[in-house]
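Because the structure is a prediction, the values reported are computed rather than measured. Residue indices begin at 1 and follow the sequence shown.
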Amino acid sequence: MQFFALLTRNTEKFSDADFAPLLPGEAEQRRTLYAEGAVRQVWNRGDIPGSGMMFEAGSDADVRGHLATLPLVRAGMMDIAAVVPLNPYPGFGPKR
């Protein structure tokens with residue numbers, strides 16, 4: 001099943017300088033989750049600092065477990081705004 005996770009950087013408590021040392025490890029862990037097949041796509045948010053991540057997982061708990069491996073989430077510097085389960089859109093199916 002696919003899930004969309006919406007993440008927000010906690011910029012009210014942390015500065016860019018606070019984030020900087022953790023960013024290489026964050027990128028590496030995201031690459032690892034992608035290589036393992038858990039993450040399908042990652043986007044940077046265009047509205048506020050943060051990201052969106054498309055997951056392939058069995059449950060909401062699995063997604064949250066993957067997110068918990070991210071250094072920024074572990075440090076409390078990235079908040080999980082939402083984890084949304086996605087269902088297939090039926091409008092592209094065969095016409096009846």
Checking E56 now: which residues fulfil side chain to side chain donor-acceptor pair (under 3.5 Å) with it, not counting sequence neighbours?
Q2, R40
Mind checking who shares a hydrophobic cluster with L6, ILVMFWY linked at side-chain heavy-atom distances under 4.5 Å?
F4, W43, M54, V84, L86
Test item: R64 and V83 side chains (from C-beta on) under 4.5 Å apart, heavy atoms:
yes
What ring-ring contact (aromatic ring centres under 6.0 Å, His included) pairs are there with at least one residue in residues 16-39, not counting sequence neighbours?
none
Hey, are the side chains of L67 and F55 touching, using non-hydrogen atoms and a 4.5 Å cut-off?
yes
The criterion is side-chain contact (heavy atoms from CB on, under 4.5 Å); which residues satisfy it with A27, sequence neighbours excluded?
R31
Going by salt bridge (Lys or Arg N to Asp or Glu O under 4.0 Å), name the residues that satisfy it together with D16, two or more places apart in sequence or in a different chain.
none
Can you name the residues that form a side-chain contact (heavy atoms from CB on, under 4.5 Å) with L22, not counting sequence neighbours?
L72, A75, M77
Partner set under salt bridge (Lys or Arg N to Asp or Glu O under 4.0 Å) for D18, not counting sequence neighbours
none
Inter-residue atom distance F14.CZ - M78.CE, 0.5 Å rounding:
11.5 Å
Find the distance between CZ (R9) and CZ (R45) and round it off to the nearest 0.5 Å.
12.0 Å
So which pairs with a foot in residues 69-90 pass side chain to side chain donor-acceptor pair (under 3.5 Å), sequence neighbours left out?
Q29-T69
Could you work out, with side chain to side chain donor-acceptor pair (under 3.5 Å) as the rule, every residue matching T32, not counting sequence neighbours?
none
All side chain to side chain donor-acceptor pair (under 3.5 Å) counterparts of R30, not counting sequence neighbours:
E26, S51
Residues forming a side chain to side chain donor-acceptor pair (under 3.5 Å) with N10, sequence neighbours excluded:
none
